[in-house]
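This report concerns only the one structure given below.
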Amino acid sequence: MGIGAGIFLLAVGGVLAFAVSDRISGVDLTMVGYILMGAGALGIALVLLLNGQRTRASHTTVVEEHRDLRDPRDPRI
């Protein structure tokens, strides 16, 4: 889930929790709104946490150089 989906869940949950006064038998829309708001907030927190870990990771490049110190013109070799 990305930041956009988390914001969407927060918005839909807020509308269901605070603005809708209709009744559906067997479904508490206020509680559904709170659950969606919690899922959206948790999703945003996880995305920000994971993105923060990715940007703090250090990447190092190791370059190895091998030199042959023998002279190819040396007859002892």
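Residues Thr30 and Val20 have side chains not in contact (no heavy-atom distance under 4.5 Å, counting atoms from C-beta outward).
Interatomic distance, OH of Tyr34 versus CG of Asp28, reported as 9.5 Å (0.5 Å rounding). Note that CG of Leu49 is 9.0 Å distant from CG of Asn51, once rounded to the nearest 0.5 Å.
Legend: residues meeting side chain to side chain contact (heavy atoms under 4.5 Å, CB included) with Leu10, ordered by chain and number and at least two apart, are Met37, Ala41, Ile44. Remark: Leu46 pairs with Leu42 by the side chain to side chain contact (heavy atoms under 4.5 Å, CB included) rule, at least two apart or across chains. Residues passing the side chain to side chain contact (heavy atoms under 4.5 Å, CB included) test with Val32 are Leu16, Val27, Leu36, sequence neighbours excluded. Here Glu64 pairs with nothing under the salt bridge (charged side-chain N to carboxylate O under 4.0 Å, His left out) rule; sequence neighbours left out.
When all heavy atoms are compared, the tightest approach of Gly40 to Leu9 is CA-CB, 3.7 Å.
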